[in-house]
Amino acid sequence: MLDDIRFENCVEGDFPEGPYHLSCNFEKDTCSWYHDYTASLLWKRMKGAYGDPIGNGYFMLIKAANNLNISSSARLISLPQPAGQTICVSFHYYIFGNSIGSLKFITKRSGEPDTVIWMRSGTQGNKWRFADLTFNSDRPIQ
């Protein structure tokens with residue numbers, strides 16, 4: 001599960017509203033994040049009590065199942081972000097149970113292969129955890 005994505009420009013103030021505003025708690029919709037429909041699975045926006053750190057709100061979910069192909073994946077994608085910035089992103093994640101694969105934060109620059117910035121594999125305990133990442137890009141990045 002994934003919740004409360006906060007995407008900032010590591011300096012005072014958030015990105016402006018619109019395609020550059022990627023902070024999202026999923027309460028109304030998926031904000032500026034969209035599905036990669038070429039992936040074998042889709043994230044589902046769910047509401048419930050999975051020990052949510054902020055209450056019983058909405059979050060994004062991929063449910064693990066024993067019959068899933070090990071290469072199955074789902075992706076949430078952002079619109080390209082401007083070049084020449086230090087970018088900070090933080091989010092809550094919940095990875096628990098059997099048959100758990102990996103949760104990855106991947107960046108993509110046009111004409112280059114994907115770069116894994118952060119990854120957790122296998123069960124991480126029956127609780128929400130927090131990740132806080134910082135990276136730079138001299139070119140537009142997704």
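One is the number of the first residue; the rest follow in order along the sequence. Values below: all heavy atoms of this structure, side chains included; hydrogens, waters and symmetry mates excluded.
Put simply, the side chain of T134 never gets that close to the backbone of C88: no donor and acceptor are under 3.5 Å apart. Judged purely by atom type and a 3.5 angstrom limit, Q85 has no side-chain atom pairing as donor or acceptor with the backbone of S137. The backbone N or O of P82 lies less than 3.5 Å from no partner atom in the side chain of R139, so there is not a single donor-acceptor pair. Put simply, the side chain of S90 never gets that close to the backbone of A131: no donor and acceptor are under 3.5 Å apart. Checked by atom type and distance alone, the side chain of Q142 pairs as donor or acceptor with a backbone atom of S78 at under 3.5 Å.
Across every non-hydrogen atom of C31 and S23, the tightest pair is SG-O, 4.0 Å. The heavy-atom pair separating F59 from K47 by the smallest distance is CE2-C, 4.2 Å. Between S40 and S73 the shortest heavy-atom distance is OG-N, 2.9 Å. For A83 against D138, the heavy-atom pair with the smallest separation is CB-O, 3.4 Å. Of all non-hydrogen atoms in I95 and G122, the two that sit nearest each other are CG2-O, 3.4 Å. For the residue pair E27 and R45, the shortest heavy atom distance occurs at O-NH2, 2.7 Å.
Residue L61 holds its CG atom at 7.5 Å from CH2 of W43, rounded to the nearest 0.5 Å. The structure places CD1 of I100 at 10.0 Å from CD1 of I62, a figure rounded to the nearest 0.5 Å. The line from NE2 of H92 to NZ of K127 is 12.0 Å long, rounded to the nearest 0.5 Å. Here T86 contributes atom OG1 and N136 contributes atom CG; the two are 3.5 Å apart, rounded to the nearest 0.5 Å. Atom-to-atom distance recorded for F96:CZ and T123:OG1 is 5.0 Å, nearest 0.5 angstrom.
For Y94 and N126, the side-chain atoms include at least one donor-acceptor pair closer than 3.5 Å.
Partner T107 forms a side-chain contact (heavy atoms from CB on, under 4.5 Å) with one of T115, I87, V89 and no other, that one being T115.
Centroid-to-centroid, the aromatic rings of W118 and F91 come within less than 6.0 Å.
You'll find the side chain of Y58 stays beyond 4.5 Å of the side chain of D29, heavy atoms only.
No single ILVMFWY cluster, assembled from side-chain heavy atoms under 4.5 Å apart, contains both V116 and F105. Cluster membership for L42 and W33, using ILVMFWY side-chain heavy atoms within less than 4.5 angstrom, is not shared.
A cation-pi contact, defined as under 6.0 Å to the ring centre and within 45° of the axis, is absent between R129 and Y93.
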**Asked** Checking side-chain contact (heavy atoms from CB on, under 4.5 Å) for the pair Y34/L76: CA distance, chi angles, key distance, verdict?
**Response** CA-CA 5 Å; Y34 62 95; L76 284 178; over 6 Å; no
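Between R75 and D114, at least one side-chain nitrogen of the basic residue sits less than 4.0 Å from a carboxylate oxygen of the acidic one, meeting the salt-bridge criterion.
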